[in-house]
Amino acid sequence: MSDNEDFFEEELREPTKSDRLLKGKEYREVWEGVFDVKTLEAVEILKRRKVIEDLYWVVSTGKEADVFYAKSPKDEDLAVKIYRIHTSRFKRIEIYTLGDKRFGKFKSPIKAKWGWARREFKNLKLAWDAGVHVPRPIAICRNIVVMEFIGKNGTPAPQLKDVTEIENPEKVFETLINDIETLYKKAKIVHADLSPYNILYHNGIAYIIDMAQGVRISHEYALRFLYRDLYYIVSYFSAFLDELPSPDELYKRITGKEPDYIIKHFVK
Ligand SMILES: Nc1ncnc2c1ncn2[C@@H]1O[C@H](COP(=O)(O)OP(=O)(O)O)[C@@H](O)[C@H]1O
Ligand SMILES: [Mg+2]
């Protein structure tokens, strides 16, 4: 992917003096209003830059983001993930951003959401460049991440949690573990929210998605997140395979260390 063509971002203006004069609810409402206008503007920017031709329909409404099916001017299928501001999951979010210098101090809720989109895009790009099976990152603009669409005719591939038949589960499992290992060793990140919810199963391949909460391996909690990611994947595949390596073995294979008590007991 060429950075110059496909990747652009801009600085968000700081709240002005008059913004700061508004207090509490009023302040929030103003920023929410601005957010919606800014989002529409961002869609227009992406159209002008010939990234998106048209947004078609919503394929998912989550707590933090809506995902749209869209097309590029070259008729390629796109997934357009738009982070929403109307959420109250900052508590959960803080644990991931604390200690990660890349995503320091976002003050306004808008900045936070732009930060999440940028973070997802950067993690996707690190993963994609390392050769991991993720949707190809295409563009980032404000709170909008544009990526390759995993699915067919505007219908996303099923989440792994809804897949009841896998043709070659050994292979899918091994490829997934290799991807987690590549993420750790080459991209130097840990997904940190990996589960059968955040994996799309398409043409026999498990695609890892939803990377906004991914952390650098230097993050204080990176190893706990890694162990937990492995734990969920092994649990899921135990319904398909009789013999599986334990999360402990996989953890050791990836990090070269035994998981300690704290790391293992992070899984609830
Ligand atoms: N690249 C993609 N291609 C196709 N569908 C996608 C893509 N990214 C997300 N989706 C759809 O949107 C859903 C939610 O995406 P996800 O990134 O997990 O967001 P959330 O933050 O809401 O969990 C996915 O389960 C899938 O149905
Ligand atoms: Mg998700």
Side-chain angles (χ1 to χ4, degrees), residues 1 6-7 39 46 51-72 75-97 103 109 112-129 132-164 176 179-180 183 189-215 225 228-229 232-233 236:
M1 158 181 157
D6 294 335
F7 174 62
T39 301
L46 286 163
V51 175
I52 297 175
E53 173 81 34
D54 245 321
L55 287 181
Y56 287 91
W57 51 76
V58 176
V59 294
S60 163
T61 304
K63 282 197 182 137
E64 287 153 24
D66 299 311
V67 180
F68 290 79
Y69 166 63
K71 283 231 189 231
S72 77
D75 210 34
E76 294 150 325
D77 289 347
L78 304 173
V80 177
K81 186 167 178 179
I82 305 186
Y83 280 83
R84 261 185 286 110
I85 201 163
H86 313 279
T87 68
S88 52
R89 295 179 74 192
F90 282 97
K91 279 231 170 66
R92 181 182 157 244
I93 284 166
E94 265 166 27
I95 196 177
Y96 294 100
T97 40
F103 309 101
K113 293 300 151 162
W114 290 21
W116 278 95
R118 193 150 60 238
R119 188 172 164 154
E120 168 140 46
F121 185 85
K122 286 188 177 171
N123 286 333
L124 266 180
K125 190 167 173 350
L126 286 169
W128 173 264
D129 289 346
V132 172
H133 297 91
V134 292
R136 183 172 70 87
I138 293 169
I140 165 83
C141 184
R142 297 181 180 170
N143 54 324
I144 303 182
V145 180
V146 183
M147 63 190 123
E148 174 190 1
F149 188 85
I150 308 296
K152 218 177 146 190
N153 302 329
T155 305
Q159 289 166 287
L160 200 54
K161 76 171 176 76
D162 294 325
V163 175
T164 47
L176 198 48
D179 277 352
I180 297 173
L183 274 183
I189 54 174
V190 172
H191 185 288
D193 191 21
L194 198 58
S195 75
Y197 285 81
N198 285 332
I199 296 169
L200 301 183
Y201 185 64
H202 187 54
N203 295 336
I205 294 169
Y207 288 86
I208 297 174
I209 61 162
D210 205 359
M211 304 214 49
Q213 64 300 302
V215 297
F225 292 141
R228 190 177 63 181
D229 286 354
Y232 288 145
I233 298 306
Y236 172 82

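Remember, it's 1-based here, ligands and their atoms both numbered in the order they're listed. Predicted, not measured: the structure shown is a model, and the values here were computed from it.
A side-chain donor-acceptor contact under 3.5 Å links N198 to the backbone of D193. Panel note: side chain R84, backbone G62; a donor-acceptor pair is recorded below 3.5 Å. Using a distance-only test at 3.5 Å, with no hydrogens or angles considered, a donor-acceptor pair links the side chain of D229 to the main chain of A192.
With Y83 as the partner, the side chain to side chain donor-acceptor pair (under 3.5 Å) test is satisfied by one option alone out of R142, E64, E120: E120.
Within 6.0 Å of NZ in K152 there are 12 or fewer heavy atoms belonging to other residues, nucleotides or ligands.
At least one N, O or S atom of N198, from either the backbone or the side chain, sits less than 2.8 Å from the Mg ion (ligand 2).
Shortest distance from the Mg ion (ligand 2) to D210 is reached at OD2 (N/O/S atoms only).
For the atom pair L126 CG and I189 CD1, the distance stands at 5.0 Å (nearest 0.5 Å). Between the NE2 atom in H191 and the CG atom in D210 there is a gap of 5.5 Å [rounded to 0.5 Å].
Contacts of ligand 1 (protein heavy-atom distance under 4.0 Å) are S60, G62, V67, A79, K81, P135, M147, E148, F149, I150, P156, Q159, N198, L200, I209, D210.
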